Amino acid sequence: MSIIASHRDFKRFLLLPFFLLLFVNCEEGNKNNATYFGGQIINPKSNKIYLYKGEKLLDSALLDAKHKFLIKIDTLLLGLYIFKHYDEIQYIYLEPKDSLLMRLNTWAFDESLVFSGRGAERNNLLINLFLENEKEDKSFFDFYTLNDSLFELKIDSVLQRKKLLYNQFKEEVPETSPLFDKLVNAAIYFPLYRKKEAYPYRYKKTLKTADYPHLSPTFYKFRKDININDKELINFYPYQDYVKTYLYHLAFEKQILNDDNGSIDVNFMKEALENLEIDDVKNNFLHQGMWFALLDENISKEEKAKAQRLFFDHCSDEKSVADIANLIKAAERSPKGEKLPDITVFDYDGNPQQLNDIIQQKNVVIYTWPTNLRQIENMAKRVNYLEKKYTNYLFIGINSKNAEYQWKKHIQLKKLNPKHQYRTTDIDWLDVSFARAILINKKGVVQNNMTHLLNRHFEKQLKRLKN
């Protein structure tokens, strides 16, 4: 059995009776050059699926009583598409006249995904590469302590394994489009190149040394063959992740060479403006840089002002501009060094209370509920972990987005402590869509007015909370 015929292939044979009727209908449709995408979702989290081309919604379909769906596309451009169910997404590659059929279980979304029908081989290769890249990200944590030559040997070893995977695929499917070959090569090489861009900084951090590693003059020779403004790869995760890491590398490099103590996020935004030509990508990275600058409690007022000027002067995406403007206003409504305004909140039983009365004489974390269901799940896990670890802190969740019955349902399902959950209609103060956290000391004074429960520095910020 070849590598691309992985352990999931035996499932494909079991699925043939289920797919047969859909497949026959699809093949009939292909006489008219139509393209079909269908399948079944086990344990669905909603009754609908969506198909995107880039950020544009192309089509959607309702699941039937057996959780099956089928989309017909009369005219299709060859290329990469995004399949979305609930808040999970995955890439699929489609060509005209394909009859691509898939099956997945939401309890193991990516790992359970299997394709059948015309176009299946291409998509099974892409999903296998995606899963390989996820495994590599975990395994490489131990390799950042190696010197540059040994680190490159690890990179080369993984590269050879991926090339073997691709070569076996080409033996079975010799004729593929140039775009598909380009996507596969991006999935093979870019995750490894990204690790090389991050290597010197992760080496320094992992070993807790003041010195960066010595690098061979050829360590970054691959850069000469990379186009970071490739429009065909703009929406593909390996490309996006690499470009982001490359820009951060340039930002760090300039700080080291120029002995610059300014914000790394400001320098990242500058690098995005200097190096990127595609507006969508540029806007995305400007938004990311500004987001992290707002969440950085160590950034100076001058650097934060620089970040804001860069963002508002150059970001052309109206939604991103509105989002950042709203975050800035939200932070201004609860300024550092001051007490919270008087806010009426309602407890789980609907009783009104004053927030300042609840938090008296305690070190407190107030966090807002996100709107995205996946983010709610992550928030709940994080809160349950933090409450068990930091028993001398009070964690208070405030929801201003969901209806009361939805809010109570989530509290029960996510096993949150109902005594620490409140609702409010004061959306001006809490009008954000993520798990924003505000840190308040025992005197009721705000010490951090804009952080995030999932911020990698959050626990350090928590420990610095002073009376």
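On a predicted model such as this, the values are computed, not experimentally measured, just so you know.
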S.K.: For Ile82 and Tyr91: C-alpha separation, side-chain torsions, deciding distance, then whether side-chain contact (heavy atoms from CB on, under 4.5 Å) applies.
M.R.: CA-CA 5 Å; Ile82 294 175; Tyr91 292 93; 4.0 Å; yes
S.K.: Locate the shortest heavy-atom distance separating Leu76 from Pro96; write the atom from each residue and the value.
M.R.: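 Result for this residue pair: O-CG, 3.4 Å.
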S.K.: May I ask you to decide if the ring planes of Tyr50 and Tyr52 are parallel, tilted or perpendicular, using 30° and 60° as cut-offs?
M.R.: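 Ring orientation, 0 to 90° scale: tilted.
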S.K.: Identify the two heavy atoms, one from Lys282 and one from Ala272, that lie closest to each other, and give their separation to 0.1 Å.
M.R.: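 Heavy atoms of Lys282 and Ala272 come nearest at CG-O, 4.1 Å.
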S.K.: Using a 6.0 Å cut-off, check whether atom CD of Gln160 has over 12 heavy atoms from anything other than its own residue.
M.R.: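 For Gln160, atom CD is crowded (more than 12 foreign heavy atoms under 6.0 Å).
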S.K.: Going through the distances and angles, do Lys170 and Thr176 end up as a side-chain hydrogen bond (donor to acceptor under 3.5 Å, both in side chains)?
M.R.: CA-CA 8 Å; Lys170 292 295 282 185; Thr176 52; 2.7 Å; yes
S.K.: Is the ring centre of Phe37 less than 6.0 Å from the ring centre of Phe69?
M.R.: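 So the answer is yes for these two rings.
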S.K.: Are the side chains of Val243 and Leu276 in touch, meaning some heavy atoms are under 4.5 Å apart?
M.R.: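 The answer is yes, as the side chains (C-beta and beyond) meet within the 4.5 Å cut-off.
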S.K.: Is there side-chain contact between Tyr390 and Val365, with at least one heavy-atom pair below 4.5 Å?
M.R.: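 Tyr390 does not reach Val365 side chain to side chain.
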S.K.: Is the number of heavy atoms from other residues, nucleotides or ligands under 6.0 Å of Lys409 NZ greater than 12?
M.R.: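 Counting neighbours around NZ of Lys409, 12 or fewer heavy atoms of other residues, nucleotides or ligands fall under 6.0 Å, so no.
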S.K.: Kindly indicate whether the side chain of Leu165, heavy atoms from C-beta on, has any atom under 4.5 Å from the side chain of Ile188.
M.R.: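 SC-SC contact between Leu165 and Ile188 ruled out.
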S.K.: Between Lys195 and Thr245, is there a side-chain donor-acceptor contact under 3.5 Å, judged purely by atom types and distance?
M.R.: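 No - no donor-acceptor pair under 3.5 Å links their side chains.
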S.K.: Of all heavy-atom pairs between Asp110 and Ile89, which one has the smallest distance, and what is that distance?
M.R.: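 Smallest heavy-atom distance, with atoms named: OD1-O, 4.4 Å.
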S.K.: Please step through ring-ring contact (aromatic ring centres under 6.0 Å, His included) for the pair Tyr212 and Phe252, ending with a clear verdict.
M.R.: CA-CA 12 Å; Tyr212 288 95; Phe252 274 113; 8.1 Å; no
S.K.: Can you give each donor-acceptor pair under 3.5 Å made by side-chain atoms of residues 306-314, sequence neighbours left out, with the distance rounded to 0.1 Å?
M.R.:
residue	atom	partner	partner atom	Å
Lys306	NZ	Glu303	OE2	3.0

S.K.: Charged N to carboxylate O under 4.0 angstrom, Lys381 versus Glu377?
M.R.: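 Salt bridge flag = yes for Glu377 with Lys381.
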S.K.: Checking Asn123 against Gln90 for the side-chain contact (heavy atoms from CB on, under 4.5 Å) test, could you report, in this order, the C-alpha distance in whole Å, the side-chain angles of both residues, the deciding distance, and whether it holds?
M.R.: CA-CA 11 Å; Asn123 283 280; Gln90 187 51 264; over 6 Å; no
S.K.: Go through the steps to decide whether Asn275 and Tyr246 satisfy the test side-chain hydrogen bond (donor to acceptor under 3.5 Å, both in side chains), and finish with yes or no.
M.R.: CA-CA 10 Å; Asn275 291 279; Tyr246 170 65; 4.7 Å; no
S.K.: Does any part of the side chain of Leu78, heavy atoms only, come nearer than 4.5 Å to the side chain of Phe180, both counted from C-beta?
M.R.: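 Phe180 vs Leu78: side chains apart.
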S.K.: So Phe268 and Phe285, ring-ring contact (aromatic ring centres under 6.0 Å, His included) or not? Walk me through it.
M.R.: CA-CA 8 Å; Phe268 170 77; Phe285 288 144; 5.8 Å; yes
S.K.: Can you tell me if Lys205 has over 12 outside heavy atoms packed within less than 6.0 Å of its NZ?
M.R.: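 Result for NZ/Lys205: open.
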S.K.: Among Phe236, Tyr242, Phe222, Tyr237, which residue satisfies the ring pair (Phe, Tyr, Trp, His ring centres under 6.0 Å) criterion with Phe190?
M.R.: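 So, applying the ring pair (Phe, Tyr, Trp, His ring centres under 6.0 Å) to Phe190 and each of Phe236, Tyr242, Phe222, Tyr237, only Tyr242 qualifies.
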S.K.: Verify salt bridge (Lys or Arg N to Asp or Glu O under 4.0 Å) between Glu459 and Arg382, making sure each step is shown before the conclusion.
M.R.: CA-CA 11 Å; Glu459 292 189 60; Arg382 182 67 166 162; 3.8 Å; yes
S.K.: Can you tell me how far the OH atom of Tyr193 sits from the CG atom of Leu159, to the nearest 0.5 Å?
M.R.: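 If we round to the nearest 0.5 Å, Tyr193:OH and Leu159:CG are 7.0 Å apart.
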S.K.: Holding to side-chain hydrogen bond (donor to acceptor under 3.5 Å, both in side chains), I want the full list of residues that pass it with Asn235, two or more places apart in sequence or in another chain.
M.R.: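 Checked Asn235 against side-chain hydrogen bond (donor to acceptor under 3.5 Å, both in side chains); zero matches.
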S.K.: For the residue pair Glu271 and Glu253, establish whether any side-chain heavy-atom pair is separated by less than 4.5 Å.
M.R.: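 They are not in side-chain contact.
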S.K.: Side chains of Asn402 and His410: is there a donor and an acceptor less than 3.5 Å apart?
M.R.: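 There is no such pair between these side chains.
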S.K.: For the NE2 atom of His287 and the CD1 atom of Ile324, what is their distance to the nearest 0.5 Å?
M.R.: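 Here the interatomic distance stands at 4.0 Å.
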S.K.: Minimum heavy-atom separation for Met290 to Lys304, with atom names?
M.R.: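 Looking at all heavy atoms of both residues, the shortest contact is CE-O, 4.5 Å.
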S.K.: Would you find more than 12 non-hydrogen atoms of other residues, nucleotides or ligands less than 6.0 Å from Glu318 atom CD?
M.R.: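 No, not enclosed.
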S.K.: Pick from Asp279, Asn283, Asp280: which one makes a side-chain hydrogen bond (donor to acceptor under 3.5 Å, both in side chains) with Ser316?
M.R.: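 Single side-chain hydrogen bond (donor to acceptor under 3.5 Å, both in side chains) partner of Ser316 among Asp279, Asn283, Asp280: Asn283.
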S.K.: Mind listing the closest non-hydrogen atom pair of Tyr367 and Met379 along with its distance?
M.R.: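 Scanning both residues, the minimum pair turns out to be CE1-SD, 3.8 Å.
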S.K.: Would you check if there is a donor-acceptor pair between the side chains of Tyr248 and Glu197 at a distance under 3.5 Å?
M.R.: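 No, because no side-chain N or O of Glu197 sits under 3.5 Å from a partner of the opposite role on Tyr248.
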S.K.: Quick one: do Gln461 and Leu439 satisfy side-chain contact (heavy atoms from CB on, under 4.5 Å)? Show the steps, please.
M.R.: CA-CA 8 Å; Gln461 295 171 350; Leu439 307 186; 3.9 Å; yes
S.K.: Measure the spacing between CZ of Arg122 and OG of Ser177 and express it to the nearest 0.5 Å.
M.R.: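 One finds 7.0 Å between CZ of Arg122 and OG of Ser177.
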S.K.: Can you give the donor-acceptor pairs under 3.5 Å from side chains of residues 148-157 to other protein atoms, not counting sequence neighbours?
M.R.:
residue	atom	partner	partner atom	Å
Asp148	OD2	Ser216	N	2.8
Ser149	OG	Asn147	OD1	2.9
Glu152	OE2	Lys196	NZ	2.5

S.K.: If you round to the nearest 0.5 Å, how far is CZ of Arg194 from CD of Gln240?
M.R.: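 Reported to 0.5 Å precision, the distance equals 12.0 Å.
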S.K.: Show, in sequence, the C-alpha distance, side-chain angles and deciding distance for Tyr189 and Lys163, and conclude whether the side-chain contact (heavy atoms from CB on, under 4.5 Å) test is met.
M.R.: CA-CA 10 Å; Tyr189 286 94; Lys163 283 182 176 179; 3.0 Å; yes
S.K.: Between Glu232 and Lys182, is the closest basic N to carboxylate O distance under 4.0 Å?
M.R.: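 Yes.
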S.K.: Okay, side chain of Thr35, backbone of Lys97: is any donor-acceptor separation there less than 3.5 Å?
M.R.: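 Confirmed, Thr35 side chain pairs with Lys97 backbone.
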S.K.: Quick one: does Glu132's side chain get under 4.5 Å of Pro191's, heavy atoms only?
M.R.: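 The answer is no, as the side chains (C-beta and beyond) never meet within the 4.5 Å cut-off.
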S.K.: Nearest 0.5 angstrom please: Tyr166 OH to Asn128 CG, how far?
M.R.: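 Here the rounded value is 14.5 Å.
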S.K.: Do Glu121 and Glu172 have side-chain heavy atoms sitting under 4.5 Å apart?
M.R.: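 No; the side chains remain at least 4.5 Å from each other.
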S.K.: Near Lys389 NZ, under 6.0 Å, is it more than 12 heavy atoms from other residues, nucleotides or ligands?
M.R.: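 For Lys389, atom NZ is crowded (more than 12 foreign heavy atoms under 6.0 Å).
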S.K.: So, Glu55 and Lys319, do they make that salt bridge, N to O below 4.0 Å?
M.R.: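 Lys319 and Glu55: not salt-bridged.
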S.K.: Any chance you could measure Tyr220, atom OH, to Tyr199, atom OH, to the nearest 0.5 Å?
M.R.: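 Going from the OH atom of Tyr220 to the OH atom of Tyr199 covers 9.0 Å.
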S.K.: Does some side-chain heavy atom of Ile42 sit less than 4.5 Å from a side-chain heavy atom of His67?
M.R.: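 Side chain of His67 against side chain of Ile42, heavy atoms only: no contact under 4.5 Å found.
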S.K.: Taking all atoms of both residues into account, what is the closest heavy-atom pair of Arg436 and Ala331, and its distance?
M.R.: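 Scanning both residues completely, I find the closest heavy atoms to be NH2-CA, 3.9 Å.
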